[in-house]
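Hydrogens, waters and symmetry mates are skipped; everything else that's a heavy atom, side chains included, is used.
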Amino acid sequence: SIFKMAANALLGIGIVALLAGAMAANMNKGGYIIANYDEELPVKFDTDYDTKNAEYFDVYAGPISTRYGEVFWKGLPAAPLPQDIIDRFDNKTIAIVGYEQDQVIKRPGQPDLPVPIYWAYNHHYVSWLKGKHATMIDLDEEETRSTGHPVRMMSVTIDDPNPDSQIPTSQFFSEGNGGESRKSYHGYPKGMAQLLDSPTEFVMTPMQIDTWNRNTSYGEPFVPGPESTASQAPLTGPDAIYSGHLECPCTDRIVKTIEHTYGTLATGTCPTVVDTAEDCFNAIASVGIHGVTRNVTTANSDLPAGCSVVTASANNITVNFNTLKTGASACGKSAGPPHLNGAAKSLINFTVDLNAAPEGGLATMTLVGPSDVWFGVGLGAQVMSDAPNAIIVSGNGTVFEQKLADQQAGHPLGLSVKIVSNTIKEGTRTVVVTRPFKGLTPEHYTFDVTKASLNFINAVGSGPTFAYHKARAATQLNFQVVGAATCICDTGIQGFISSDMNPSPAKFSKNCRDEPAGDLVANKNPTCTIQQYAGGLRCCTSGNILLDKHQNPWPTNMLTYYMKFRFWFQEYTPATKTTPASHQNLVRFFKETEADAGEYDVVKADPGTRPEDSIYLITAHFQVREGVRMCDPRTSPHCAGVNGSGISLVYASAHCHAPSCISVELWNQDTGKLICRQVPVYGNSSTATENNPYDEKGYIAVPPCLYGSADEGLLPPPYLSYDTNLTSIKKNNNTYGHYGEMAMWQMRGYQAYQP
């Protein structure tokens with residue numbers, strides 16, 4: 001096919017049968033390989049788990065049942081681990097030294113039947129092993145920082161009897177985590193593992209896409225089924241070896257909605273002025289201002305240009321549209337000291353009044369929440385990792401302050417607020433506190449009256465005592481200037497996407513970063529804007545059907561199967577005064593070549609482009625510290641700890657999609673040395689069979705780079721200081737266009753100091 005011709009010409013590699021030569025000890029037939037063998041070493045690294053003195057246990061997640069063209073992308077019920085594993089490692093540490101993954105049909109009395117990747121495409125997965133001191137929580141909004149893939153659940157530590165321990169209470173598994181996973185190696189060198197305290201459950205969120213043409217049977221070659229008109233996949237010829245469904249085209253079932261957004265400004269002038277009186281008067285409610293008394297169109301040099309609001313009292317609110325273009329007043333201009341107030345409704349009600357007249361300024365805050373559980377606000381933040389100054393109200397009414405940390409309670413702060421009142425009425429507690437503008441210490445929040453809004457997170461607990469929240473939300477409070485005009489500014493557009501199967505509009509949010517971080521913006525990649533977005537994750541909400549409205553083949557012919565994992569483990573021996581621990585815990589190091597966009601489009605080459613020139617390239621630049629979360633690994637599997645001056649890299653693998661993946665490279669920009677280069681191994685068989693289940697034509701394995709000791713046949717772990725500058729380069733074949741491609745580096749290592 002033309003994909004293989006281009007990859008072969010570029011890379012000088014042969015396209016061969018996928019990893020032939022079975023090793024009986026491994027779950028998946030055929031061996032594994034790694035990307036960075038060193039031919040000068042006396043031995044070659046052995047990927048057979050049976051040679052590593054490791055035991056295993058199997059776990060199934062599911063079932064998953066889908067019809068043709070359907071997306072399944074949600075959490076599966078937690079699967080308890082085998083009871084003998086739970087009992088054996090109760091209050092002990094298990095060392096996970098590797099894992100294997102498959103998707104299977106269970107057959108009582110017979111071996112599991114692997115589901116062909118061209119029947120059910122594993123777009124990606126995220127998964128956890130959870131210990132008894134951890135729990136899964138639902139997130140109020142998508143978390144992408146740790147995975148690149150939007151997730152709505154996370155594991156956190158609860159009721160921890162050993163908070164000073166460095167052994168994690170949960171572990172996260174998401175390396176080489178898509179269609180490549182079945183034959184990509186997920187093991188570690190000797191003495192390296194993911195450590196876990198008291199394992200109990202397996203939790204998984206897979207993203208699966210049903211691509212099985214029901215006119216074919218198991219053991220028969222792939223034949224494209226019906227495709228939407230938005231699909232970019234070929235339907236005939238030698239390249240018609242994959243379904244366009246797996247790239248999540250935005251079909252005619254998708255509805256895009258684009259709304260204008262507005263914000264307040266207390267000082268200066270609007271960067272973008274609201275253009276019309278109609279837009280001005282309609283915008284007021286969107287910034288949290290209600291009870292408007294009158295709308296006025298005027299030409300007044302005492303008012304700011306464009307849209308503004310003047311609040312004389314709660315019953316006297318005037319919205320002005322000033323047509324004067326030059327000579328207009330500044331926002332918030334008044335004769336006296338600045339005075340702002342604003343309110344926001346979220347999980348709790350939060351009101352802030354900032355009055356600069358008293359010496360040092362006076363901030364008055366009103367928090368309204370349930371009377372029987374704790375609640376609180378984190379000032380100037382949108383996520384816990386912003387480490388905000390939080391004001392917490394316990395269920396018994398005690399008010400205290402906390403410096404929050406990334407997925408952690410953080411540490412107490414000195415009380416900087418004065419409690420004015422603390423009352424309960426009909427199950428609702430209202431607390432009013434005051435304090436000066438300037439924070440009591442550098443760790444306390446300092447208010448700024450030149451800012452027209454205040455970001456904050458708020459949370460409500462499950463009980464009266466401060467602990468991990470039951471619910472958390474991030475929002476913004478918009479201020480008005482008391483006694484002067486608050487400007488209403490045009491802040492751009494916000495897109496939403498919905499579908500016939502998911503009619504509630506979901507916010508379209510992309511964080512495509514400018515150069516040098518990434519080049520998607522410079523290249524005008526379609527994934528970055530709602531107007532150009534034509535396919536990818538946002539059109540692949542769970543339950544969506546990736547067909548056009550008039551297409552509905554085989555509506556009742558369901559495909560039912562399970563996700564299967566085999567975890568390989570060893571006993572862990574803690575360190576003593578004279579001997580080191582048996583295993584070093586490997587922490588996660590994650591960064592996207594697509595520079596926080598989470599995905600990107602492979603834009604189709606111009607007509608007439610030669611196959612060997614049909615290459616779409618993206619590049620990213622980042623520092624090591626950007627991919628490492630400095631927090632307590634006991635509390636979250638995404639935390640690396642706070643020790644060391646850098647990372648010693650042990651495992652590196654980039655997530656890459658079939659059928660266009662050519663290569664991914666990671667370079668040390670400071671030294672010019674290549675750290676890891678991955679080239680996918682393409683399948684060569686037109687048919688998946690029981691004896692040859694993982695060699696499907698056009699689909700891939702992505703061998704990782706692995707580092708360890710020369711005795712095992714591995715190169716030494718490269719040390720990367722947190723200030724090391726890295727460059728990632730991803731190449732795709734673009735004979736055809738592709739939506740939703742990914743290039744995420746999913747790595748593991750251990751914190752270390754400069755050798």
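Residue pairs that meet the disulfide bond (SG atoms under 2.5 Å apart) test with at least one member in residues 678-715, sequence neighbours left out, are Cys676-Cys705.
Under the 4.5 Å side-chain criterion, counting only non-hydrogen atoms from C-beta, Tyr750 is in contact with Pro717. Tyr125 has its side chain within reach of Ser181: a pair of non-hydrogen atoms, C-beta onward, lies under 4.5 Å apart. Inter-residue side-chain proximity for Ser243 and Phe222 is flagged as met; some heavy-atom pair is nearer than 4.5 Å. For the pair Leu706 and Glu712, the minimum side-chain heavy-atom distance is 4.5 Å or more.
Cation-pi check for Arg566 over Tyr56 is met; the charged atom lies under 6.0 angstrom from the ring centroid and within 45 degrees of its normal. Geometrically, Lys44 engages Tyr37 in a cation-pi contact defined by less than 6.0 Å to the ring centre and at most 45° from the axis. Relative to the ring axis of Tyr562, Lys106 places its NZ or CZ within 45° and under 6.0 Å from the centre.
When all heavy atoms are compared, the tightest approach of Tyr561 to Val104 is CB-O, 3.2 Å.
Under 4.0 Å is where a charged nitrogen must lie from a carboxylate oxygen, and between Glu690 and Lys29 no such pair does. For the pair Asp723 and Arg625, the salt-bridge criterion is met [side-chain N within less than 4.0 Å of a carboxylate O].
For Gln678 and Ser663, the side-chain atoms include no donor-acceptor pair closer than 3.5 Å.
Here the options are Phe89, Tyr49, Phe173, the test is ring pair (Phe, Tyr, Trp, His ring centres under 6.0 Å), and the partner is Phe567; only Phe173 passes.
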